[in-house]
Amino acid sequence: MNYNINFQIAALIIVILLLYHFLTQKKLYNINARTFTYVLVLGGLYILLDLLSTLVFMNYRAEHETVILLVITIAYLFDVMLPYILYCCVCIISGEKQRKISGTSAVCTAITVVMLLLILGNIKSGWFFYFDESGTFVTGSGYIFLYIYALAYAVLVIVSAIRNRGENITRKMGIVGEFLVLEGVCMVIQMYTQRLLLTGFGLALGLVFLYLTINNPGDYVDSITGVFDKQYFDKWIEEKLDKKAEFHLIATEFYMLKQVNKVYGSSVGDQMLIQAAQGIQEITGSSQVFRITGNCFLAVAESMAEYETNKQKMEEFFRKPFELNGEKIDFPAVICGIMDGGKMKHEDVILSYIEYLASLIKNTDETVVIQSDDRILEGFHYEKEVEQFLKTAVEQDLFEVYYQPIYWNKEERYITLEALSRLRHPNMGMIPPDVFIGIAEKQGMIAQVGLLQFRRVCRFVKEHEYLMKTLKNVKFNLSPSELLKTGHIQLLINMIREYGLSPRYFQFEITETVATEYSESFCQAVEDFQKAGIGLCLDDFGSGYANLNTVLKLPFSVVKMDRSLLTGVTCDEQAAVFYRSIVMVMQNMGYHIVAEGAETKEEVDLLQTWGVDMIQGYYFSRPLPENELLKLFDKE
Ligand code: C2E
Ligand code: CA
Ligand code: CA
């Protein structure tokens with residue numbers, strides 16, 4: 001019998017080219033890529049054997065019958081293996097994890113093994129096929145089972161595709177469907193013509209499609225830097241965590257990217273990122289580099305030794321300025337080292353830990369390395385726990401308000417209070433407000449916290465309105481994001497009305513950093529306060545780099561001198577002169593001055609001789625819970 005083997009040869013060439021291409025291209029060594037490599041190799045072998053067996057077929061000689069039968073048997077063994085392998089691949093790409101080997105897969109494995117044994121046994125039994133005396137290939141009574149077997153797998157694949165429907169999977173399963181149709185058509189043509197051997201060719205085409213869909217690495221490469229993108233990182237890390245594999249991470253965050261963009265233009269920023277990515281790739285010598293955010297890359301090390309050397313090399317690399325068009329530009333980074341990333345168990349945790357590590361480095365303009373250790377990890381877990389508790393606290397309104405009285409030097413009595421938030425954790429104890437307010441700001445919950453707290457303050461003032469005969473007002477802190485949130489100020493004003501209280505009972509404290517951000521929503525907020533007759537106080541004056549000109553245009557009546565300015569005034573003449581001068585200047589401009597953080601008699605004496613209007617500090621009183629505050633005022 002004469003067969004047309006052209007298609008088989010073409011198929012073999014296609015698969016070899018594909019294999020070459022796939023192995024030499026940049027790709028991630030994950031389970032998908034590995035599975036695909038196996039499928040390619042097996043597919044290639046199958047086609048090769050198909051071709052070989054056709055050739056021996058066509059040159060049948062009785063004296064070589066045993067060899068020929070052997071070759072053909074091996075080819076059929078592959079015929080049986082292939083549907084099984086494809087089925088396994090489908091299970092893998094559709095996410096059915098290997099550990100959850102289902103009943104179906106067990107049955108499939110068993111049936112495939114039986115089929116393999118039967119094919120081997122065919123050499124003796126001739127149940128599937130044999131050669132008659134004239135040397136003609138004769139199909140036996142069992143041959144039909146080969147078709148049934150292949151068909152059963154096709155059905156199984158379709159069923160499993162339908163069962164695992166999902167956004168991502170549907171696309172991948174679509175290609176499996178096309179694969180099946182292609183192979184089916186080839187099989188029908190082959191059966192019909194009996195001459196054109198097309199199944200191998202169909203397989204090769206199917207592999208090309210599969211390659212384009214499942215393993216298109218271009219899908220996951222960051223378009224600017226050429227390293228892998230966040231999407232690929234998601235897949236990669238999921239697999240690593242799943243396998244509980246050991247790996248170490250080095251994250252590099254370029255905190256100056258924004259400035260570089262501003263100063264030199266964003267195309268220069270892009271160039272810097274490209275150079276940085278190349279540098280990291282060269283140092284790590286691997287393709288396992290990801291860009292996980294706009295200004296952060298992540299490199300992976302498999303061993304501790306590799307991790308240590310790479311970390312050190314990166315530090316050296318990023319300490320030197322980059323060169324661009326003959327100009328030297330600094331591109332410093334925070335390099336965060338995390339050993340044994342697998343211990344963190346979840347991708348989200350790893351990513352927020354990187355963010356946390358980077359946030360620990362402040363006020364620097366050179367490359368620094370921060371290495372994760374037990375203490376830092378503890379701090380991170382503490383913050384995470386607070387974050388978690390904060391949600392409950394907002395839901396169940398678990399906050400408290402303490403009030404710190406502020407002393408008026410002129411009449412030697414308390415004239416105002418600052419309301420300060422408190423949050424007590426059942427096990428962790430008091431959580432410092434700096435911590436939970438900061439987290440609430442980051443998590444976008446601060447407005448909710450502020451409203452809950454302000455309601456508490458209103459209720460307290462309403463219940464003890466007689467206090468307002470001696471007190472000028474109660475001061476309440478506003479975070480920048482509260483101030484800039486549209487409609488939030490109106491909610492606060494409405495709450496005052498709801499309790500039927502006078503707006504002059506309240507003064508809102510705003511820090512100098514936000515006062516410098518002269519945005520539209522900020523001006524709106526200030527206008528709202530003014531219209532409602534509510535006073536404003538400039539908080540933490542002298543702690544940042546406020547643009548005085550801007551700040552002083554705003555309608556503050558009170559300025560609070562930051563506690564940091566007070567340090568050293570009793571022993572350092574310079575500090576004392578500085579403090580006193582600012583007090584004088586601000587008073588000349590018509591502001592009332594509150595000195596924050598006075599703890600000792602010496603400090604208080606000095607502040608009083610300098611003519612400071614009011615003093616807030618532990619020397620007079622710590623922030624107090626409601627009942628203690630009431631006791632203090634009863635005594636007065
Ligand atoms: P702040 O507005 O500067 O509040 C003054 C802080 O100084 C308070 O810290 C107070 O307890 C502390 N303090 C007062 N006198 C002394 C002293 O003599 N020595 C020392 N060492 N400290 C003194 P607290 O209560 O821990 O609050 C910290 C920060 O948390 C506040 O700083 C404020 O920025 C923020 N905060 C507190 N409650 C709220 C709130 O309800 N809303 C908002 N947005 N922020 C709040
Ligand atoms: Ca304050
Ligand atoms: Ca303050």
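Heads up: numbering here begins at 1 and tracks the sequence. Only a predicted model underlies this, so the values are computations on that prediction, with no experimental measurement involved. Every number for a ligand or one of its atoms is a count from 1 in the order of the listing.
Regarding atom 38 (N) of ligand 1, its nearest protein heavy-atom neighbour is Ser421 N, 3.0 Å. Among all protein heavy atoms, the one lying closest to atom 20 (C) of ligand 1 is Glu599 OE2, 3.1 Å. Of all protein heavy atoms, the one lying nearest to atom 32 (O) of ligand 1 is Asp434 OD1, 4.8 Å. At the top of the distance list for atom 8 (C) of ligand 1, counting protein heavy atoms only, stands Leu420 CD1, 3.8 Å. From the protein, the heavy atom lying nearest to atom 12 (C) of ligand 1 is Tyr618 OH, 4.2 Å.
Closest heavy-atom approach to atom 2 (O) of ligand 1 among the candidates Ile437, Leu566, Asp539: Asp539.
In summary, Glu316 and Lys313 do not engage in a salt bridge, as defined by a charged side-chain N under 4.0 Å from a carboxylate O.
Contact annotation for atom 34 (O) of ligand 1: protein absent (non-hydrogen atoms, distance under 4.0 Å). There is a protein heavy atom less than 4.0 angstrom from atom 4 (O) of ligand 1.
Within Glu509, the N/O/S atom positioned nearest the Ca ion (ligand 2) carries the name OE1. The minimum distance between the Ca ion (ligand 3) and any N, O or S atom of Asp540 involves atom OD1. Note on Glu418: its N/O/S atom closest to the Ca ion (ligand 2) is OE2.
Using a 30° and 60° split on the angle between ring planes, Phe399 and Phe436 fall in the tilted class, from 30° to 60°. A perpendicular orientation is assigned to the rings of Phe476 and Phe454, their planes being inclined by more than 60° (bins at 30° and 60°). Under the 30°/60° scheme for interplanar angles, the aromatic rings of Tyr407 and Tyr414 are found to stand perpendicular. By the 30° and 60° cut-offs, the orientation of the rings of Tyr356 relative to Tyr353 is parallel. Classified by interplanar angle (parallel below 30°, tilted 30° to 60°, perpendicular above 60°), the ring pair Phe322/Phe318 is tilted.
Applying the 4.0 Å criterion to heavy atoms of Glu596 picks out, from ligand 1, the atoms 3 (O), 5 (C). Ligand 1 places these atoms under 4.0 Å from at least one heavy atom of Pro433: 24 (P), 25 (O), 26 (O), 27 (O), 28 (C), 30 (O), 37 (C).
Only the side chain of Asp540 comes within 4.0 Å of ligand 1, counting heavy atoms alone; its backbone N, CA, C and O stay farther away. Of all the heavy atoms of Arg422, the ones lying under 4.0 Å from any atom of ligand 1 belong exclusively to the side chain. With a 4.0 Å heavy-atom cut-off, ligand 1 is reached by no atom of Lys560. Within the 4.0 Å heavy-atom criterion, both parts of Asn477, backbone and side chain, lie near ligand 1. Contact annotation for Val401 and ligand 1: no heavy atom of the residue comes within less than 4.0 Å of the ligand. Contacts with ligand 1 closer than 4.0 Å are made by side-chain heavy atoms of Pro623 only, the backbone lying farther away. Contact annotation: for Gln404 versus ligand 1, heavy atoms closer than 4.0 Å belong to the side chain alone.
Residue contacts with ligand 1: Ser479 is placed with a nitrogen or oxygen under 3.5 Å of a nitrogen or oxygen of the ligand (distance criterion only). Polar contact check, Gln616 against ligand 1: no nitrogen or oxygen pair lies under 3.5 Å apart.
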query = Can Ile615 and Asn409 be said to form a side chain to side chain contact (heavy atoms under 4.5 Å, CB included), step by step?
reply = CA-CA 7 Å; Ile615 301 176; Asn409 289 325; 3.7 Å; yes
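Asn477 lies close to the Ca ion (ligand 2), since one of its N, O or S atoms is found at a distance under 3.0 Å. Among the atoms of Asp562, none of the N, O or S atoms falls under 3.0 Å from the Ca ion (ligand 3). Within the coordination shell of the Ca ion (ligand 2), defined by N, O or S atoms under 3.0 Å, Asp539 is present.
One side chain, Arg455 or Tyr499, offers a donor N or O that lies under 3.5 Å from an acceptor on the other. There is a side-chain donor-acceptor pair under 3.5 Å between Asn477 and Glu418. In this structure, a donor-acceptor pair under 3.5 Å is absent between the side chains of Asn261 and Ser266. A side-chain donor-acceptor contact under 3.5 Å links Asp528 and Gln524.
The shortest separation from a heavy atom of Glu482 to ligand 1 is under 4.0 Å, placing the residue in contact. The shell of residues lying under 4.0 angstrom from ligand 1, judged by heavy atoms, includes Ala598. Heavy-atom separations between Gly450 and ligand 1 are all 4.0 Å or longer. A heavy-atom separation below 4.0 Å is found between Arg563 and ligand 1. Look at Arg622 and you'll find every heavy atom at least 4.0 Å from all atoms of ligand 1.
Counting non-hydrogen atoms of neighbouring residues, nucleotides and ligands closer than 6.0 angstrom, the CG atom of Asn588 exceeds 12 such neighbours. Within 6.0 Å of NE2 on His425 lie more than 12 heavy atoms contributed by other residues, nucleotides or ligands.
Residues Lys235 and Tyr220 meet the side-chain proximity criterion, which asks for heavy atoms closer than 4.5 Å. Residues Phe508 and Leu483 have side chains not in contact (no heavy-atom distance under 4.5 Å, counting atoms from C-beta outward). Considering only heavy atoms from C-beta on, Ile582 comes within 4.5 Å of Phe541 through its side chain.
Of the possible polar contacts, none joining the Asp222 side chain to the Asp229 backbone as a donor-acceptor pair under 3.5 Å is found.
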